[in-house]
Every structure is written in C-alpha cells, then in structure tokens.
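Here is the structure we will look at.
Order of listing sets the numbers, starting from 1, for every ligand and every atom in it. In this chain, residues are counted from 1 in sequence order.
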Amino acid sequence: MESDPGGSAYRLLPFQLRLQGSAASRGIAIGKAVVLSAPHVRLLHWRSIAPAERDHEIKRYQDAQRQLLESIRASLASAPTIGDTHAIIESYEMIATDPLIVDSIIARIATEGMPAEVAVSTAYDAHIHALAESNDPFLRERRFELENLRRKLVALLLSSDKSALPEVRNAIIVAPSLLASDVLHYHSRGVQGFITEIGGITSHACIVARTLGLPAVIGVRSATTIIPDGAEVIVDGSRGIVIVEPDAPTRVHYTTLQQEQQIAPPTISQPVTTADGLPIAVYASVDTPDDIPVALSHGADGIGLVRTEMLLVRVQHFPSEQEQFLWYSAIAERAYPKVVTLRVFDVGSDKIIHGMPDEANPALGLRGLRFLLHRKDLFRTQLRAILRASVHRNVRILLPMVTSVDELTATRDLIEAVKAELNAEQIPYDEHVPVGIMIETPAAALLAEHFAENVRFFSIGTNDLTQYTLAADRTSDLVAHIFDQLNPAVLRLLQYAASAARSRGVELELCGDLATFLMATDLLIGIGIGAFSVAPSYIPALKERIRTIRYNHALSLVEQALQKSHSAEVHALLEQHSQRSSHQSQKL
Ligand code: PEP
Ligand code: MG
C-alpha cells in the first residue's frame, strides 16, 4: 500500500477495523474518510490589545460574525423545506446574535483588551459551561451547537482559508461533532455519510441527517484519531457500526446491501387491501406542516400521528392559541380531504420543555395527558386551537399516555367546556370531532373495553407499550436486549386491546415502530390492526407487503404466536412463516 504523499501520520491499517457507535440515521454509506480535526488554535497565550486598537479589534469580530451569519443564511436558503431543518438553522442564527453573547464578547475586547478570537472563545465557553451543568438534558445537548458556532467563529477570525477545504464529494465526514448546517453544507457538496465522536441521537444534526436520508453513526469514541484521513470506511447507520479499510468480502457484502436498500418500491397512491380483499389504511406519522406533501407523495392514506409536542420542542415555550391554530390548520388544510390525527402535547419523559418539573423517573412522571390535566390552562388553549382547526371535518384528537378512565372523563369534560366556549363565541368547529387514545401503557390495554365506550379509535404505541410492559427504558442501550416489541407479553396486551376494540366497534390502529417491521405485518393484521402509521419513507414498502397477505393465514399465525413464551420463538415463527410465504408466492 502507498504511503501518504503529504507526509502526515496517515498509514493505511493492515486489516479492517470495526468501531461501534450509535445508529443515528439509517442506511449504508461507503467512501473515503475526510477527517475534520478541531481547528489548530493557540488561544492560551495572548497579549492585551492596546486601547487605541480595540475598536479595530471589535470590527474584526463584527466582520467574522457577519460572515458566519451569511453562511448560516446560505444554509437556510438551500435547506429543503421538509422536516425541522429551517427552524434548526434559524436557531443557530438566534444563538449567534444573542445579545448576551455578543455584548460579552465586545465587552471583553473593549475593557480587557482580549484579541477577538480569545474573547469569542471565552464568552462562548462561559455559556457552554452553564449549559453543560444544567439538569435539563435538552439544554445540555444544545451546548454542542454553541461549541460548533464557537469553532466556526474562531476559525473565521484566524482566517482559515475556506478554499483549502478538502474535496468531499462521495466522502464520509469524520468529525468531533457537527451542526445541522454542516450536515446541509456537506450534503450539498455530495457527502455520503457522517461519523462523529459525540452528540445525542436527538441532536439537530442527526434529525437533519435522517430527513436527508444520509447514513450517520455517532458516539464513535476518538474517531478523528483512529480513522486515518483518506481511509476507506463503511458507515452502517442502521446498526451503528463503522468499518475502516474493509476487506474484500465485507465490501462486497455492504455494497450488495446498499444496492438492495436503494431500490425503492413504487409508490402506491391508492388505498390497499390484503390479497383477499381486507382494506388496510396506511397513514403517515409526521411532525410539521412541511412534512405533509412528503407524506402524500409517498402514498399516505392520511396522517395517523402528528406529534404536536415537536412544535414545543422547537420553540421552547407554549405557543399562543393563534400560533397553534395556524400550525394545526396548515396541517389539516394541506392533507385535506385526508384525515389528520393531532396528538395533544406528549411532553415529559425525553421531550422536555422549559419550566417542566425535574423528576427522578420522568418516563413514569408527569408525562402526556397527566401533564396536560395538571396544566389545564395549557390544555384548554391547545384544545381550542385544535377544535378551531377541525372546521373542515378531517381532524381527529389523540390522547397520549393514558392510564385511567378518569383521565379520559376529565379530558372529555374539558373538550365539552371548550366546545361550549366556541359556541358562545360563534366560532365554527367540527362538533363530531373523533377522539381516540393511545394504547401505550399496560393499564390502557387492560382497561380497553372501558375506554372503548368513550372513544372512536385506539392507536397502539408499541414503543411505550413495550417500555412500560417490559420495564425497559426505550432509550437505553443497556436494556436493548430486553426491549422487544414482539415479546409475547406485549402481543397478549395487543390482542386484549384488539378484542375490546372489535367488540365495541372502535377503530384499531398502530403507530409504534413495530409497524415498520414488515415481517410482523401479517401478525398485526391478524390481531386486528386496521390502519398503520409510519414515517413517510416506509409507506410504499408497507403497502406492498399488505397486498401479499392472506387474512386467514394471518389469523393462524396469531394463534401460534400467542402460544409462545419467549420473544425468540415469536421471531423464529415469523421468519419461518415469511420463508414459507415467499416459497408459495414463487410457486404461484
Ligand atoms: C409509541 O409510544 O409507540 C408512539 C408512537 O409514541 P412516541 O414514540 O411518540 O412516544
Ligand atoms: Mg408513546
């Protein structure tokens, strides 16, 4: 193998190296690594600027700040209008122009004579330190954004030459961490994937990578030191694996896998039925009005889940009724005449908003409907906004984290009170707006027949139902082997809720991640699921899968699955069944 002509420490590894990180954005990318090291800056030894030159130094900072804002705005202009991208980039602009930070930088230059890069670095450091100390996980994660902005500003001040940036087309970026605007920037320059040393799965950079379909693995410790610049790397964003200098069989294996994943099934815009004619709806789960056209272009029969709390996570306060009304109306109007399911704010647990109580076990605390019934003022505002947006009669209301019939009764009372207010104010709305509950706690599943008397639909949230049934944190790697949505205990609860729904004529839907596990689709249809809600990109494959299913076979599969005592047996059964079905369809 050739040595690096540039004479750096780069030497290709003698054999392939496998690194484990966290799966942040699914898919496979293969390319040459471009390793971005932290800027090589010397900020520790500096000499005070003479008072007469400080105005000039302030101007030097302001020029760099202007360039930074221009690059952020350029990212904003080129950002796709899907997902949370625009709001994320806007938040960088807000941080960079935050008067608290800007004023403290200028004060450090004017009064202490700090060089601009030192003033920037220390001012940002103070804020980063405060965020790192915060009890609020959301705030702690935001510090990565400040770190990146600091890095960029310092690099600009040290006049790092942008034209010297390496060629990145078809490359894999390896970096300590990345901003969402970096992800957009590199995407526009043809980058194939990302590897970072730090960052949370919920960081904005990961959200943008997922929206753009760019494979990413995060949390690969010392990646920028271990991975040589220019080495060939494979990013397996579905399993959180990075392979450096793959051997020939590994490369062939991943290239085949990558090709298989790139063959997207054709979009089916019409509603589908099973092979023997049972209609099954396939809805999209979305966050924002901008996601609706994407969902419809993927063939969504409606919107089965709008996580309205993402609006709160984005703006970090509870928006006014009018602000919410505009948001919900935009969703309902863009999807019209298709149905739209607005789930009321499921805040708490890992979706933290400023001002919420700090709890030792937030997943078991004041989450979802519990929080809203605790803060009826906020709940009333949201219900008013949703009801006003229901005027075209395609809106449904979905209640998260329900555990008792009392919670449903209290909510129904509040809905009636809000309707009475709207009547008194002569504000139009859908008087028959359907109300449903999430079945995502064992209590909700076991009391399903009582809930069924008062709701029009159930939406099963298998992510939380699994977490609460198996007492396994859905966000923890350590109990990932216990967290299995096909565990027989979870299946029994599904079956129990399904039979209550069937006997009371309540529609039964499923919006948890299990809906995307296509090997389980026939089992779920056999249990009685009449509609699935999945991320838009999963819709075509799910519709194709449904068309191959025979309801009678699905029923016998359920009978066998419910006799199993272990998750592994259920998986084996589904595997056998899928092999048998594919043999049969090959014979036909
Ligand atoms: C679920 O719990 O399965 C669900 C769909 O809701 P979320 O993932 O938003 O908690
Ligand atoms: Mg849930």
request  = Report yes or no: does Gln382 contribute a side-chain atom to a donor-acceptor pair with the main-chain N or O of Leu378 at less than 3.5 Å?
outcome  = no
task = Just jot down the ligand 1 atoms closer than 4.0 angstrom to any heavy atom of Gly461, in number order.
result = 1 (C), 2 (O), 3 (O)
request  = Report the part of Met401 (side chain from C-beta onward, or backbone N, CA, C, O) that has a heavy atom under 4.0 Å from ligand 1; answer both or neither where that applies.
outcome  = neither
task = Without swapping roles, check the side chain of Glu197 against the backbone of Gly219 for a donor-acceptor pair under 3.5 Å.
result = no
query = Is the backbone of Leu366 close enough, under 3.5 Å, to the side chain of Glu359 for a donor and an acceptor to pair up by distance?
reply = yes
Atoms in ligand 1 with a heavy atom of Thr462 nearer than 4.0 Å = 3 (O)
remark   = So the atoms of ligand 1 within less than 4.0 Å of a heavy atom of Arg474 turn out to be 2 (O), 7 (P), 8 (O), 10 (O)
Distance filter under 2.8 Å, centred on the Mg ion (ligand 2) - protein N, O or S atoms that pass it = Glu440 OE1, Asp464 OD2
message = Over 60° means perpendicular and under 30° means parallel, so tell me whether Phe371 and Phe318 are parallel, tilted or perpendicular.
response = parallel
request  = May I ask you to identify the nearest protein heavy atom to atom 6 (O) of ligand 1, giving residue, atom name and distance to one decimal place in Å?
outcome  = Arg343 NH1, 3.0 Å
SB check Asp301 Lys338 (cutoff 4.0 Å) = no
task = With heavy atoms of Arg367 as the reference, note each atom of ligand 1 found under 4.0 Å away.
result = 10 (O)
task = With heavy atoms under 4.0 Å as the rule, classify the contact between Gln467 and ligand 1 as side chain, backbone, both or neither.
result = neither
message = Suppose I only count heavy atoms of Cys511 and a 4.0 Å limit; which atoms of ligand 1 are within that range?
response = 5 (C)
task = Check Gln485 against ligand 1 and report side chain, backbone, both or neither, counting heavy atoms closer than 4.0 Å.
result = neither
key: Basic-acidic side-chain contact under 4.0 Å: Arg504, Glu453   = yes
Please output the side-chain donor-acceptor pairs of residues 518-525 that fall under 3.5 Å, not counting sequence neighbours, one pair per line with the distance.
{"unit_1": "Thr521", "atom_1": "OG1", "unit_2": "Leu518", "atom_2": "O", "d": "3.0"}
{"unit_1": "Asp522", "atom_1": "OD1", "unit_2": "Arg545", "atom_2": "NH2", "d": "3.0"}
{"unit_1": "Asp522", "atom_1": "OD2", "unit_2": "Arg545", "atom_2": "NH2", "d": "3.2"}
{"unit_1": "Asp522", "atom_1": "OD2", "unit_2": "His577", "atom_2": "NE2", "d": "3.0"}

remark   = salt bridge (Lys or Arg N to Asp or Glu O under 4.0 Å) test vs Arg474 passes for just one of Asp484, Asp513, Asp464, namely Asp464
inquiry  = Would the distance check show the side chain of Glu449 and the main-chain N or O of Ala500 forming a donor-acceptor pair, the cut-off being under 3.5 Å?
reply    = no
task = Using distance alone, determine whether Glu309 and ligand 1 share an N or O pair under 3.5 Å.
result = no
message = Considering both backbone and side-chain atoms of Asp513, is one of its nitrogen or oxygen atoms within less than 3.5 Å of a nitrogen or oxygen in ligand 1?
response = no
request  = Examine the side chains of Arg388 and Gln322 and answer whether a donor and an acceptor come within less than 3.5 Å of each other.
outcome  = yes
ask   = If you measure only the distance, is there a donor-acceptor pair under 3.5 Å linking the side chains of Glu509 and Ser459?
value = no
task = Specify side chain, backbone, both or neither for Ile460, according to which of its non-hydrogen atoms lie closer than 4.0 Å to ligand 1.
result = neither
Polar side chain donor-acceptor pair, Thr441 to Thr403, under 3.5 angstrom = no
inquiry  = Give the atom numbers and elements of ligand 1 that come within less than 4.0 Å of a heavy atom of Met438.
reply    = 4 (C), 5 (C), 6 (O)
